[in-house]
2 protein chains.
Amino acid sequence: MAVKRSGPDAGLGEFIRRQRELGHLSVRQLADACGISNAYLSQIERGFRNPSSFVLKALADGLELSAETLYAQAGILDPAQGEANDVVEAVRRDPYLSARQREMLVEMYESFRKVNDAD
Amino acid sequence: MAVKRSGPDAGLGEFIRRQRELGHLSVRQLADACGISNAYLSQIERGFRNPSSFVLKALADGLELSAETLYAQAGILDPAQGEANDVVEAVRRDPYLSARQREMLVEMYESFRKVNDAD
DNA sequence: AAAGAGTGCTTACTTTTGCAAGCACCCGCG
DNA sequence: CGCGGGTGCTTGCAAAAGTAAGCACTCTTT
């Protein structure tokens with residue numbers, strides 16, 4: 001078959017689960033938000049199924065993180081990417097933060113910028 | 001199924017075909033280079049099949065273009081090219097923040113990371 | 001303590017992916 | 001001509017994706 005196929009070894013599932021738990025979402029909640037079945041999400045998280053591009057995209061949306069991040073985790077996008085500059089982008093890409101935490105950091109950053117513009 | 005499914009309407013296939021022709025490759029050549037069957041590639045190009053993440057990645061490699069580009073064409077990646085990787089680094093480099101502000105953002109970020117490790 | 005809802009997981013099933021094999025066609029060449 | 005090799009396309013079929021329904025368990029609530 002020549003094209004990579006991941007089995008129950010894939011770290012992608014674990015990553016998704018971790019993100020879901022950081023956001024305090026149940027399997028069903030995230031599955032609904034993504035338009036996929038909870039059964040399927042459960043299998044993805046445990047590495048038994050290999051989500052298609054569209055499901056991956058939907059998961060990225062549901063988890064409120066950039067599709068790039070998820071695809072990088074899936075080993076599809078080269079994670080290297082760009083030369084580090086934009087704080088907001090860096091926050092959005094960070095795989096260890098919850099959606100809420102990312103939101104807070106971005107807000108804080110932007111309020112700083114705003115204040116600075118004033119003086 | 002709620003998740004996007006493309007039929008023979010998809011512009012992705014046409015894009016792939018155009019790229020293939022620009023490279024003066026036959027269907028079989030590109031298919032071989034990608035490790036997929038020529039039958040399947042033919043169907044993808046005409047929009048009858050919906051390549052998985054892995055096939056898409058293989059196609060990007062075979063066409064020698066970045067996976068980002070192809071995924072953007074597939075309508076999966078927002079063409080917004082992000083840079084920046086590391087949050088702390090990005091914050092430290094940001095020229096619009098004060099030292100104090102940088103310190104606060106970094107502290108906030110690190111406390112989030114710490115909290116996440118706990119649960 | 002039984003009902004009710006929430007959690008994740010399993011099973012049986014349908015639909016889609018992706019391939020091996022083969023079709024029809026167009027060339028260049030002996 | 002007639003044959004070998006190029007082109008893209010079609011057609012079954014095996015294997016994987018994805019779902020609906022339901023299981024086992026834990027909490028609340030009554």
Side-chain angles (χ1 to χ4, degrees), chain A residues 1-10 12-63 67 70-71 73-76 98, chain B residues 1-10 12-63 67 70-71 73-76 119:
Chain A
M1 116 199 16
V3 167
K4 182 191 173 186
R5 289 257 154 263
S6 48
D9 52 297
L12 174 63
E14 292 172 17
F15 175 80
I16 291 173
R17 170 156 297 185
R18 177 163 179 75
Q19 282 299 310
R20 177 175 62 76
E21 287 171 346
L22 281 174
H24 301 288
L25 296 170
S26 74
V27 170
R28 266 167 245 256
Q29 282 175 320
L30 178 56
D32 287 353
C34 296
I36 67 176
S37 69
N38 69 77
Y40 188 42
L41 176 54
S42 171
Q43 288 167 323
I44 289 172
E45 287 191 349
R46 281 168 314 122
F48 288 107
R49 288 278 196 287
N50 206 294
S52 72
S53 335
F54 296 110
V55 170
L56 229 38
K57 161 70 167 150
L59 281 168
D61 291 348
L63 290 169
L70 243 198
Y71 275 84
Q73 272 292 327
I76 284 166
S98 72
Chain B
M1 86 140 62
V3 167
K4 183 191 172 186
R5 289 256 153 263
S6 49
D9 52 296
L12 174 63
E14 292 171 15
F15 176 80
I16 291 173
R17 171 157 295 186
R18 202 169 333 121
Q19 286 297 313
R20 174 174 65 76
E21 287 169 347
L22 281 176
H24 302 286
L25 296 169
S26 74
V27 170
R28 267 166 244 257
Q29 283 174 319
L30 178 56
D32 288 353
C34 297
I36 68 176
S37 72
N38 69 78
Y40 188 42
L41 176 54
S42 171
Q43 288 166 322
I44 289 171
E45 287 191 349
R46 282 165 317 120
F48 288 108
R49 287 273 198 289
N50 203 292
S52 71
S53 335
F54 297 110
V55 170
L56 229 38
K57 160 70 168 150
L59 282 167
D61 292 347
L63 289 169
L70 242 199
Y71 275 84
Q73 269 295 327
I76 284 166
D119 45 341

For DNA chain D, which consecutive runs of 3 or more Watson-Crick or G-U pairs (each distance under 3.5 Å) count as stems? C:1-16 with D:15-30, C:18-23 with D:8-13, C:25-30 with D:1-6
Less than 4.0 angstrom between a side-chain N/O of B/R20 and OP1 or OP2 of D/dG8, yes or no? yes
Taken to the nearest whole Å, CD/B/E45 to P/D/dG8 is 8 Å
Separation of D/dG18 atom C1' from A/F48 atom CZ, nearest Å, is 16 Å
Is there, by distance only and without an angle test, a donor paired with an acceptor across the side chain of B/N38 and the base of D/dC9 below 3.5 Å? yes
Taking every heavy atom of B/L25 against every heavy atom of B/R20, the minimum-distance pair comes out as O-NH1, 2.9 Å
Rounded interatomic separation in angstrom, taking CZ from A/R49 and P from D/dG18: 9 Å
A/R17 side-chain N/O to C/dC9 phosphate OP1/OP2 under 4.0 Å: yes
CG-CG distance between A/L12 and A/L70, expressed to the nearest 0.5 angstrom: 6.5 Å
Which one, C/dT17, D/dA21, D/dT7, comes nearest to the side chain of B/Q29? D/dT7
Euclidean distance, atom CD1 of residue A/I44 to atom C1' of D/dA16 [Å, nearest integer]: 13 Å
Whole-Å distance between C/dT16 P and B/F54 CZ? 21 Å
Mind listing the closest non-hydrogen atom pair of A/I76 and B/S53 along with its distance? CD1-CB, 3.2 Å
Atom OH of A/Y40 to atom P of C/dT10: distance rounded to whole Å? 16 Å
Measure the CD-CG distance between A/E45 and A/L30 for me, rounded to the nearest 0.5 Å. 7.0 Å
Side chains of B/V55 and B/S52: does their closest heavy-atom pair fall under 4.5 Å? yes
With respect to the phosphate group of D/dT7, does any side-chain polar atom (N or O) of B/S26 fall under 4.0 Å of OP1 or OP2? yes
B/D32 with B/R28: basic N within carboxylate O range, under 4.0 Å: no
Determine whether a donor-acceptor pair (one donor, one acceptor, N or O, separation below 3.5 Å) exists between the side chain of A/R28 and the base of C/dG6. no
Any non-hydrogen side-chain atom of A/R46 less than 4.5 Å from a side-chain atom of A/R17? yes
Using OP1 and OP2 only, check whether a side-chain N or O of B/R46 sits under 4.0 Å from D/dG8. no
In terms of the nearest nucleotide of DNA chain D, which residue is placed more toward the 5' end: A/Q43 or B/V27? B/V27
Can a side chain N or O of A/S42 be found less than 4.0 Å away from OP1 or OP2 on C/dC9? yes
Euclidean distance, atom CG of residue B/L30 to atom P of D/dC9 [Å, nearest integer]: 13 Å
Whole-Å distance between C/dA20 P and B/L41 CG? 14 Å
